[in-house]
Amino acid sequence: MVKTEVIKITGPGFKMAGAAQVIKDGGLVAFPTETVYGLGANALDPGAVAGIFRAKGRPSDNPLIVHISDIDQVDELSDDVTVPARRLMEAFWPGPLTLVLHKKPHIPDAITAGLDTVAVRMPDHPAALELIRTAGVPVAAPSANSSGKPSPTTARHVLEDLDGKIEMILDGGACRVGLESTVMDMTAEPPVILRPGGVTREEIESVIGHVETAFWQGTVPRSPGMKYRHYSPRAEVIVVAGDDYERIYEKTAVLLRKYRSLNKKTGILASAETARGYPAEEVFTVGSRSSLETVAQNLFYGLRFLDLQGVDIIIAEGYPETGIGTAIMNRLKKAAGNNVIQA
Ligand code: AMP
Ligand code: MG
């Protein structure tokens with residue numbers, strides 16, 4: 001047990017030096033990024049990296065993303081940065097895009113889970129960049145949640161999962177994107193999107209042309225993290241998928257009646273367009289269907305909120321799988337353990 005210090009970065013007199021010192025000393029600091037909160041440690045210190053896996057209860061075969069504060073730092077991690085990779089960095093860094101590159105030998109095996117590649121990203125958040133810069137080392141940082149839970153988008157979420165297990169939480173308010181980064185394997189030709197996220201396929205293709213997607217590769221996913229049950233609240237989750245929201249609404253209402261008649265405490269994760277129509281114990285509105293960015297921002301917050309209310313079942317409305325909708329549906333389906341009903 002350690003004492004977990006929570007520090008507001010917007011507070012008067014805040015200095016990053018203290019947090020950077022914790023990283024330099026091999027400790028763990030949770031910090032805000034534009035995607036979700038990250039759990040940071042010195043990426044070049046195997047002992048510190050082991051601490052991340054311990055605090056999260058993360059399986060050791062799931063590699064970590066290394067965060068940098070400057071594009072040039074990528075050359076300390078990989079000596080094989082291709083032209084398309086450079087173009088993506090220039091277009092989207094700092095931002096929610098992670099690139100999988102051939103790794104240099106000095107990167108600890110714990111980071112890469114023994115793979116010969118390393119995942120790298122430059123986050124678009126002033127506090128994250130300042131922490132990495134002040135620590136003076138690349139910072140390994142998976143999402144700052146207990147493994148399997150929805151990712152944290154506020155400092156309170158981090159505290160709920162990791163209180164007593166990490167040295168420090170930097171509180172920078174709610175995260176702007178709300179979903180994790182897009183992960184791209186740049187060692188493949190053409191490059192492959194392994195995890196949909198904050199940067200969309202459409203945006204990527206506008207810069208480097210056609211890319212493949214492989215969110216699942218049979219039973220052995222190329223992105224090891226994608227095989228685990230993930231983003232899951234305690235409650236059972238059902239996703240109602242489809243393109244037509246009136247049909248999604250009708251199907252969700254039918255399911256709601258069914259579970260209420262079984263005396264289940266129900267929660268609905270709804271869009272603003274339909275939220276008022278549900279006689280559920282709890283309805284959480286993630287935002288309007290006309291702004292999928294807002295839906296993404298509130299998604300994990302809503303799953304965690306409904307869980308805190310102690311519902312037995314969460315019925316989540318689905319969204320069209322284009323743009324950021326692809327990432328939204330990927331997270332919802334994983335939260336539901338693929339319990340998806342077509343409207
Ligand atoms: P998290 O930081 O918790 O959002 O998870 C990082 C994601 O990136 C997981 O799905 C990992 O499996 C994936 N990842 C990290 N490093 C690599 C790598 N070298 N090759 C493929 N996927 C990776
Ligand atoms: Mg994660």
Side-chain angles (χ1 to χ4, degrees), residues 28 30-41 43 49 52-68 74 77-78 80-81 85 96-105 107-123 125 128 138-153 157-158 161-162 175 177-188 191-199 212-217 220-233 296 299-300 303-304 327 330-331 333-335:
L28 303 181
F31 60 96
T33 79
E34 82 282 25
T35 59
V36 301
Y37 274 74
L39 180 58
V49 171
I52 291 181
F53 285 88
R54 215 177 308 121
K56 283 181 58 89
R58 183 173 175 108
S60 61
D61 66 348
N62 192 2
L64 305 178
I65 296 171
V66 178
H67 291 66
I68 58 178
V74 77
L77 304 170
S78 174
D80 187 22
V81 184
L97 178 66
T98 295
L99 301 178
V100 173
L101 307 165
H102 284 294
K103 72 158 199 164
K104 279 192 170 173
I107 299 170
D109 276 342
I111 293 278
T112 63
L115 298 172
D116 58 4
T117 54
V118 62
V120 188
R121 171 170 115 80
M122 179 174 169
H125 193 293
V139 171
S143 48
N145 51 303
S146 296
S147 214
K149 288 270 176 236
S151 296
T153 58
H157 293 162
V158 180
D161 283 14
L162 299 179
C175 300
V177 178
L179 297 179
E180 301 83 351
S181 60
T182 305
V183 178
M184 284 208 71
D185 183 357
M186 298 308 295
T187 68
V192 182
I193 300 179
L194 301 177
R195 175 176 77 181
V199 174
E212 302 282 340
T213 57
F215 307 157
W216 292 90
Q217 284 263 100
V220 185
R222 287 170 50 177
S223 192
M226 297 313 275
K227 75 172 178 251
Y228 295 105
R229 182 174 151 90
H230 214 161
Y231 317 118
S232 300
L299 197 74
F300 287 142
L303 287 172
R304 281 180 175 261
N330 172 267
R331 304 307 190 274
K333 286 177 186 172
K334 297 224 75 189

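The first residue of the sequence shown is numbered 1, and numbering continues consecutively from there. Counting starts at 1 for both ligands and their atoms, following the listed order. Source: prediction; values computed, not measured.
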Considering Ile52, Asn62, Thr35, Thr187, which one's heavy-atom position lies nearest to atom 11 (C) of ligand 1? Asn62
Among Ala141, Pro59, Pro63, the residue with a heavy atom nearest to atom 15 (C) of ligand 1 is Pro63
The atoms of ligand 1 lying under 4.0 Å from a heavy atom of Thr117, numbered in the order shown, are 18 (C), 19 (N), 20 (N)
Option passing side chain to side chain contact (heavy atoms under 4.5 Å, CB included) with Lys103 (candidates Leu115, Thr112, Thr117): Thr112
Given the rule in the side chain to side chain contact (heavy atoms under 4.5 Å, CB included) test, do Ile65 and Ser181 qualify, once you have shown the distances and angles that lead to the verdict? CA-CA 10 Å; Ile65 296 171; Ser181 60; 3.9 Å; yes
So which bit of Leu115 gets within less than 4.0 Å of ligand 1, heavy atoms only: side chain, backbone, both or neither? side chain
Are Arg58 and Leu64 side-chain neighbours, meaning at least one heavy-atom pair lies under 4.5 Å? yes
Does Arg58 have a non-hydrogen atom less than 4.0 Å from ligand 1? yes
Distance-only side-chain donor-acceptor flag, Asp80 / Ser78, under 3.5 Å: no
Please examine the side chains of Leu179 and Leu299, heavy atoms only from C-beta on, and report whether any two atoms are closer than 4.5 Å. yes
Pull out every atom of ligand 1 sitting under 4.0 Å from any heavy atom of Arg195, numbered as shown with elements. 1 (P), 4 (O), 5 (O), 6 (C), 7 (C)
Have a look at Pro142, Ser151, Ala113, Ala144 and point out the one with the heavy atom closest to atom 2 (O) of ligand 1. Pro142
Report whether any nitrogen, oxygen or sulfur of Ser143 sits less than 2.8 Å from the Mg ion (ligand 2) (N, O or S, backbone or side chain). yes
Does Ile65 come within less than 4.0 Å of ligand 1, judged by its heavy atoms? yes
Classify the side-chain pair Ser143/Glu180 by whether it contains a donor and acceptor separated by less than 3.5 Å. no
Under 4.0 Å from ligand 1, counting heavy atoms only, is it the side chain of Leu194, its backbone, both or neither? side chain
Are Arg304 and Asn145 side-chain neighbours, meaning at least one heavy-atom pair lies under 4.5 Å? yes
